[in-house]
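Encoded as structure tokens, the structure appears first; notes follow it.
Ligands are counted one by one from 1 in listed order, and the atoms in each one are counted from 1 as well.
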Amino acid sequence: METVLTLGLDIGSAASKALLLRDGTEVLSYSVFPGGAGTAGPERAREEVLRLAGVGPERVAFTVGTGYGRNRCGADATVSELSCHAAGAHAVFPDVRTVIDIGGQDLKALHVGPDGALEDFLMNDKCAAGTGRFLEVMAGVLQIPVSELEAVGSEATEVAAISSTCTVFAESEAISRLSENVPIPNLVAGIHASVAARAASLIRRLGLQPPLAMTGGVAENGGVVAALGEALGIPAAVSPLSRFCGAYGAAIYAFQKLERKKTEHE
Ligand code: ADP
């Protein structure tokens with residue numbers, strides 16, 4: 001019997017993620033490109049994931065879109081970002097009960113059931129503090145690429161406190177600290193701690209049910225991951241697939257939708 005390929009597209013505010021799944025379970029390939037809805041990001045992520053798997057677009061049986069730009073990525077159906085992150089996190093971390101998703105412009109804490117269903121959530125999408133945007137603004141002030149924050153922060157001798165919770169005020173605070181000659185690694189450690197404190201507070205409000213896993217692009221910053229573990233007293237699991245959990249969940253939903261269609265026709 002021919003295998004069934006389904007595609008998940010997670011079109012975020014910062015980046016477009018794609019993941020290709022075989023028979024609803026096996027990850028064939030995944031890709032990420034900068035730029036979300038209204039940019040070339042979604043199409044490039046889709047093309048790349050197919051290229052990596054060595055298949056043409058005609059082989060994809062069903063595509064589900066999720067994320068901010070889900071309605072404009074040419075998917076066959078859409079599913080909410082929260083449900084996709086829950087399903088994707090469950091696939092990557094089978095025992096997970098609490099997921100913290102830190103993306104480019106929002107922060108979400110989710111409770112996931114033993115079957116991967118979304119049970120409950122809290123979200124902050126009103127403010128850049130505690131999100132990837134905060135890290136991008138701070139990286140801009142320090143003139144360090146976001147991808148190098150982790151390495152720079154690992155050289156810290158102490159954590160320089162960033163007391164402002166507002167991104168705009170925190171930016172001015174970082175500039176003042178720089179003029180006071182606070183070492184950059186210490187400032188970076190303070191920036192990581194600030195994001196982690198925001199995430200920890202959202203998780204506590206929802207209720208921390210271990211095990212905990214982290215999804216979204218900020219999971220690629222080990223400095224934030226470690227600071228979150230310290231703030232909560234338990235580690236947050238991460239994986240190379242953390243950033244792709246939304247796309248993974250979308251590809252799982254795509255497979256399920258296809259199966260449902262088949263049984264309806266039988
Ligand atoms: P969205 O879904 O909103 O588009 P993502 O989940 O893709 O956002 O996360 C984007 C964030 O991930 C960026 O703001 C940045 O902070 C972080 N990020 C992206 N790439 C890297 C990297 N290579 N290393 C560390 N952090 C990264």
Side-chain angles (χ1 to χ4, degrees), residues 8-19 30-46 48-49 64-73 78-86 88-89 92 99-110 123-142 144-154 167 170-171 174 188-189 191-196 198-199 213-228 236 238-250:
L9 294 175
D10 177 9
I11 314 304
S13 61
S16 299
K17 281 78 64 180
L19 186 140
Y30 49 92
S31 71
V32 55
F33 275 90
T39 73
E43 204 38 52
R44 294 181 71 188
R46 186 204 295 263
E48 178 69 358
V49 85
V64 162
T66 190
Y68 184 66
R70 62 181 175 273
N71 293 316
R72 288 193 286 153
C73 63
T78 61
V79 173
S80 99
E81 207 176 338
L82 289 157
S83 298
C84 286
H85 267 278
V92 177
V99 175
I100 181 81
D101 172 48
I102 315 185
Q105 68 180 24
D106 64 13
L107 179 64
K108 308 179 197 78
L110 284 61
M123 183 163 170
N124 164 20
D125 58 357
K126 301 279 179 282
C127 153
T131 72
R133 181 80 193 121
F134 181 87
L135 292 169
E136 284 172 27
V137 168
M138 294 303 172
V141 170
L142 303 176
I144 300 170
V146 172
S147 56
E148 285 172 29
L149 287 175
E150 175 180 355
V152 174
S154 70
T167 305
E171 189 180 4
V188 172
I191 289 161
H192 291 164
S194 166
V195 173
R198 279 278 167 144
M214 192 166 157
T215 65
V218 176
E220 296 194 5
N221 181 330
V224 176
V225 179
L228 180 63
V238 287
S239 143
L241 283 172
S242 279
R243 195 174 189 186
F244 300 91
C245 280
Y248 197 158

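- Taking the side chain as every heavy atom from C-beta outward, K108 and L82 approach each other to under 4.5 Å.
- Residue contacts with ligand 1: G216 is placed with no nitrogen or oxygen under 3.5 Å of a nitrogen or oxygen of the ligand (distance criterion only).
- The closest protein non-hydrogen atom to atom 14 (O) of ligand 1 is E136 OE2, 2.4 Å.
- For ligand 1, the polar-atom distance check against N221 finds no nitrogen or oxygen pair separated by under 3.5 Å.
- Contact between G132 and V218 at its shortest, heavy atoms only, is CA-CG2, 3.6 Å.
- Checked by distance only, ligand 1 and G103 stay at 3.5 Å or farther apart across all their nitrogen or oxygen atoms.
- For K17, the closest heavy-atom approach to ligand 1 falls below 4.0 Å.
- Looking at residues two or more places apart in sequence or on another chain, you find a side-chain contact (heavy atoms from CB on, under 4.5 Å) between A174 and M138, V141.
- Taking CG from L149 and CG from L142, the interatomic distance works out to 7.5 Å, rounded to the nearest 0.5 Å.
- Of all heavy-atom pairs between I102 and T131, the closest is CG2-CA, 3.8 Å.
- Tested against V224, the residues V195, V238, I191 include a single side-chain contact (heavy atoms from CB on, under 4.5 Å) partner, V195.
- Between G217 and ligand 1, a contact under 3.5 Å exists for at least one N or O pair.
- For the pair S13 and ligand 1, the shortest N or O to N or O distance falls below 3.5 Å.
- Within 6.0 Å of OH in Y68 there are 12 or fewer heavy atoms belonging to other residues, nucleotides or ligands.
- The shortest N/O to N/O separation between A15 and ligand 1 falls below 3.5 Å.
- Among all non-hydrogen protein atoms, the one lying nearest atom 4 (O) of ligand 1 is A14 N, 2.7 Å.
- With hydrogens and angles disregarded, a donor-acceptor distance shorter than 3.5 Å links the side chain of R70 to the backbone of G67.
- Of the protein's heavy atoms, E220 OE1, 3.9 Å lies nearest to atom 21 (C) of ligand 1.
- Residue S147 has no N or O atom closer than 3.5 Å to an N or O atom of ligand 1.
- Closest to atom 8 (O) of ligand 1 among all protein heavy atoms lies G104 N, 2.9 Å.
- Under 4.0 angstrom from ligand 1, the non-hydrogen atoms of R243 all belong to its side chain.
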